[in-house]
Each structure stands twice: as C-alpha cells, then as structure tokens.
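None of the values given here were measured: they were computed from a predicted structure. Numbers for residues simply follow the sequence, beginning at 1. Any value given below was found using the heavy atoms of this structure, including those in side chains, with hydrogens, waters and symmetry copies removed.
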Amino acid sequence: MAESRKVSAAVIVSIICKRRKKKRKVKEVWEREWLRRRTERGVFRQLLEELRLEDECNYGRYLRMDTETFQNLLEKVTPLIEKKETNMRQPIPPGERLAVTLRFLATGEKFSSLQYQFRISVPSLSVIIPEVCQAIFQVLKDNYFKCPSTPEEWLPIAQLFHDRWQLPHCIGAADGKHVRILHPRNSGSKFYNYKGFFSVVLLAVVDADYKFIFADVGCQGRISDGGVLRNSLFWKALVNDSLGLPQPRLLPESADKSFDGSYTQNPLPFYLAGDDAFPLENNIMKPYSQRNLSDEKRIFNYRLSRARRISENVFGILTSRFGVFSTVICTKPESAVNIVLCAIALHNFLRSRVPERYIPTGALDMENSNGVVNEGSWRHDVATIPFANVPNSRKGRQPRKAEEMRDQLCNYLSGPGQVPWQWNVLI
C-alpha cells in the first residue's frame, strides 16, 4: 500500500513538472523591432548627422564637443570599445557607443530615457556606458591627467600660481566633495554620508590653469573627518614625501618677482592650498580660525582663499558641462567611480584642446584691480552646486612646525609679498 502511494506521488510530481515546462513562455524575439531600426532612425544616424552638417554649435551642445574633437576622441577609444561581428547580429559601432556615453555624461539622463533616443536597450546601455567611460579614462590619463612626480614637473605649476594669483610656493588647490550615487544593494549605511544621502568621495587637486592634476574617487560616503583624506593615495604620498616635490626655497623679494627669490627668512616648503576640511601640515596651508583675527591673518585668509577659489570654479565648470553630476548616478559604486574619472579626464582634454570653447570668456569668477569678484556664468548655469563638502578633518591643536610656517607666510603676504588691493578686505 505504501509503495503504491509513493508511485502515485511520483507520477503526480512528474505530470506537474511537464505542465510547468509547457507553460514556460518562449522568448519570441531576440530584439524588439523598434530597436532594430536603430541604424535608420536612431539619434546617432538622424539628429546628430543633421547637426553635424547643418548646426555645428548645437552639435557641440548636444555632446559637449565639436565634430573634430569627437572624431579625435573616437580614434583614441575605438580599439578599446570596438566589438567583433557575429552570426547572431551586428555590433553597435564605436561611434554610437561613444555618442550615447557623452550624452549620458552631458545630461545625466536615465538609461530608460536614453534607450528611446538611441534605440539601444537598457541592459545594453548598462554595459556600454561604464565600459566606454573606463576606455576614455584609459586613453586620456597619460597625456591629460598625469600627476607630477618630479621637481621639474611641479615647479611650472608653482610658477603659474605665483604669476596668476601672487601666491608663492603653491602647487595646487585641494578640495574634497561627495558625489551622489544610488543606494548600493546590501551596503547598509556604508555610503550614507553626514549630509543625508549616499555618495562616494572625490578628493581632487587642481592647478592654476583650471585642470585636475590628481583625483582620488571611491571612498565610502560615511567615512568623515580625517578618514577621507588619510585613506587617499595622494595623502599617503604627501606624508611619505614620495610626490617628488621641490626642496624648500626662500620666498621672493616681492609679489611681482619670480617665486624663486631671496627673501631673507627660512626656506618655505611647497604646499597645497586647502580649506577647513584639510589639516594644517608642512605641505598643506589652510586659513586661520575666524575668531579674533588680526589684520595680517585676515589678509592671509584672503590671499589663500583667493587662489583656492580655483577649485570651486573647476567643480562649477565640471557640473555645468557634465549634467551627470547634477543627478544621482544610478549605477554600482565601481561604475560611478569610472564615470567620475572619465568626466575629469574629459574636462582636462577639452580644456587643453579647445580652451576658449570649453571655458568661454565670462564663465569663470574674475577679480578686478580693486579685488572685487565678478561671478562667472557657471554660477547661473548651475543653480546650486550638487557636491557636498567634506567635513573638517581635524579638531584640536595643529602641529607646531606647520603653524610656524603658516605664520611665516602670513608675515610675508603682509610685508614684501603684499599686493595693493589686498587691504580693501579690511574696509
């Protein structure tokens, strides 16, 4: 009796499995018909081709670069993004892959929106865009995004800061920002920052020509205070004295002389200009605390912040040109890192190749002879900066030696290194 029950149960299970197999829906098409018409009716074949032939200005607005620059970039990345043909279907050409990626960076549109413009499915876009971003960064980083590593490479940067911003021995303006991302799966609160959203941290250093010379991206947003800075590669290299910075030198006799001067005080190290998020160190200068400031310290804060304003303008230009930073980057954290690095490399590439077109006259903050700042047009293009600042990295007593160096620079900027308009800040 028991055996017959076992047999009948097995038969029932077998019948149920067969019915389930019959009910399984067989995929009817490999690709939807409207997606197949991509080669005839997609944006790349229609609209972009019309703009290329008839309206070069709007072509540049659509992709954030002109046709010549697009072709130059396409030649560089094609070996990395070109796919082989198969018997199943034709691959998406490199030009189309690059165009949809640039449009994503320019607008930050969701993949579900881009698929209707370019007639490329969302699953394909989720693979194509991070892949192309990584390829762009790979082909541009050596020529357009290489951190200096020798004194001979750092000295021209310091000279440009001295010539344009009258700040001697400065080798870069440092800044740290939170970049918004979608809540990663199974990550808990790892990427949840003090501002109340999920992010990865971007630590960047820019030169006096509004270009990035270093960027460290990917630190989890919840890490605050000194953790963000001290976990970065740049910080470790700075502390270990492996950046190849020039040896400390005497300050110039006056603000209009070469920074390699002979002001008769102790040699001053080369340093980064930072804000309160950075610790005061031998190679990092930050403003004095705002309490009970003497006139000399107020002048120092003005002169340092005047040069450090470059980083604020660079982030503003980056956001106004690449709308992806005005949205939440809806990808995995590792893909978000590739997207951020790609946009930074493109910023340097366009700043070097077409500087006037990428940053036209009036786009940046400008200061007149009286020290009055006229805001750049990027501040109107970007209603609110989407980046959140990294919080203060250190509380308590600063290193004594670093304080002495800051005091030495403070006395110099109010003495031999003064500029005529700096006293207007005291009025």
Side-chain angles (χ1 to χ4, degrees), residues 64-65 73 77 98 100-111 125-142 144-147 172-184 187 190-193 195 197-206 210-223 228-229 231-235 277 311-351 358 378 382 385-390:
R64 296 298 188 265
M65 63 181 64
L73 181 60
V77 301
L98 178 59
V100 71
T101 301
L102 293 177
R103 184 59 182 171
F104 168 75
L105 293 173
T107 63
E109 289 184 72
K110 293 183 178 180
F111 295 167
L125 289 173
S126 64
V127 174
I128 290 172
I129 290 177
E131 184 181 82
V132 175
C133 284
Q134 186 175 11
I136 292 173
F137 178 71
Q138 288 296 324
V139 299
L140 296 182
K141 65 177 183 178
D142 290 338
Y144 298 97
F145 187 45
K146 185 178 180 182
C147 183
D175 210 346
K177 301 292 185 182
H178 286 274
V179 180
R180 294 174 181 266
I181 63 170
L182 193 66
H183 183 193
S187 65
K190 289 182 180 179
F191 293 88
Y192 194 75
N193 63 41
K195 284 288 188 177
F197 60 86
F198 296 91
S199 68
V200 292
V201 178
L202 164 60
L203 177 65
V205 178
V206 301
Y210 301 93
K211 297 176 186 174
F212 290 91
I213 57 178
F214 174 82
D216 189 312
V217 191
C219 186
Q220 298 168 355
R222 74 176 179 86
I223 300 177
V228 171
L229 305 175
N231 288 335
S232 70
L233 297 175
F234 190 84
W235 173 264
S311 63
E312 183 181 352
N313 276 261
V314 168
F315 278 105
I317 291 294
L318 187 71
T319 306
S320 66
R321 299 297 181 266
F322 299 102
V324 68
F325 292 109
S326 295
T327 64
V328 178
I329 301 179
C330 300
T331 63
K332 296 178 181 179
E334 53 269 24
S335 295
V337 170
N338 288 334
I339 290 168
V340 174
L341 289 174
C342 171
I344 289 174
L346 282 173
H347 169 92
N348 284 3
F349 173 67
L350 295 171
R351 175 63 178 161
Y358 181 66
W378 69 263
V382 183
I385 294 297
F387 298 109
N389 291 326
V390 172

| message | Measuring only between side-chain heavy atoms, which start at C-beta, is N193 closer than 4.5 Å to S199? | response | yes
#### Entry: Under 3.5 Å: donor-acceptor pair, side chain of R64, backbone of R321
yes
Are M65 and L346 close enough that some pair of their side-chain heavy atoms sits under 4.5 Å apart?
yes
Q: State, yes or no, whether a side-chain contact exists between V324 and F104 at a heavy-atom distance under 4.5 Å.
A: yes
In short, salt bridge (Lys or Arg N to Asp or Glu O under 4.0 Å) pairs touching residues 128-142 with sequence neighbours left out are K83-E131, R97-E131
For D175 and S311, the nearest pair of non-hydrogen atoms, with its separation, is OD2-OG, 3.5 Å
Apply side-chain contact (heavy atoms from CB on, under 4.5 Å) to L73 and L98, showing your working.
CA-CA 9 Å; L73 181 60; L98 178 59; 4.1 Å; yes
For T107, the side-chain hydrogen bond (donor to acceptor under 3.5 Å, both in side chains) test, sequence neighbours excluded, returns E109
Closest non-hydrogen atoms of L202 and A215, given as atom of the first, atom of the second and distance, are CD1-CB, 3.9 Å
Derivation and outcome, side-chain contact (heavy atoms from CB on, under 4.5 Å), residues T331 and L182
CA-CA 7 Å; T331 63; L182 193 66; over 6 Å; no
| message | Any heavy-atom pair between the side chains of F198 and H178 that's under 4.5 Å? | response | no
Applying side-chain hydrogen bond (donor to acceptor under 3.5 Å, both in side chains) to T101 and not counting sequence neighbours gives none
Note: F111 and S126 closest approach over all heavy atoms is CE1-CA, 3.5 Å
Report the C-alpha distance between F145 and F214 in whole Å, list the side-chain angles of each, state the deciding distance to 0.1 Å, and finish with yes or no for ring-ring contact (aromatic ring centres under 6.0 Å, His included).
CA-CA 7 Å; F145 187 45; F214 174 82; 7.7 Å; no
Closest non-hydrogen contact found for S320 with W378 is OG-CB, 4.2 Å
Q134/I136 under side-chain contact (heavy atoms from CB on, under 4.5 Å): CA gap, chis, key distance, verdict: CA-CA 6 Å; Q134 186 175 11; I136 292 173; over 6 Å; no
Hits for side-chain hydrogen bond (donor to acceptor under 3.5 Å, both in side chains) against Y358, two or more places apart or cross-chain, chain-then-number order -> H347
Those residues at least two apart in sequence (or on a different chain) that pass side-chain contact (heavy atoms from CB on, under 4.5 Å) with K190 are Q220, R222
List, one per line, each side-chain donor-acceptor pair under 3.5 Å for residues 333-344, sequence neighbours excluded.
none

Checklist line | Residue pair F191, V200: steps toward the side-chain contact (heavy atoms from CB on, under 4.5 Å) verdict | finding: CA-CA 7 Å; F191 293 88; V200 292; 3.9 Å; yes
* Asked: Under the 3.5 angstrom rule, does the side chain of N348 hit a backbone N or O of F212 as a donor-acceptor pair?
  -> yes
To the nearest 0.5 Å, atom OH of Y210 lies from atom CG of N313 at 5.5 Å
Item to complete: State, yes or no, whether a side-chain contact exists between H183 and S187 at a heavy-atom distance under 4.5 Å.
Response: yes
- Query: Under a 4.5 Å cut-off applied to non-hydrogen side-chain atoms, are F325 and F315 in contact?
  - Reply: no
Does the side chain of R103 come within less than 4.5 Å of L105's, by heavy atoms?
no
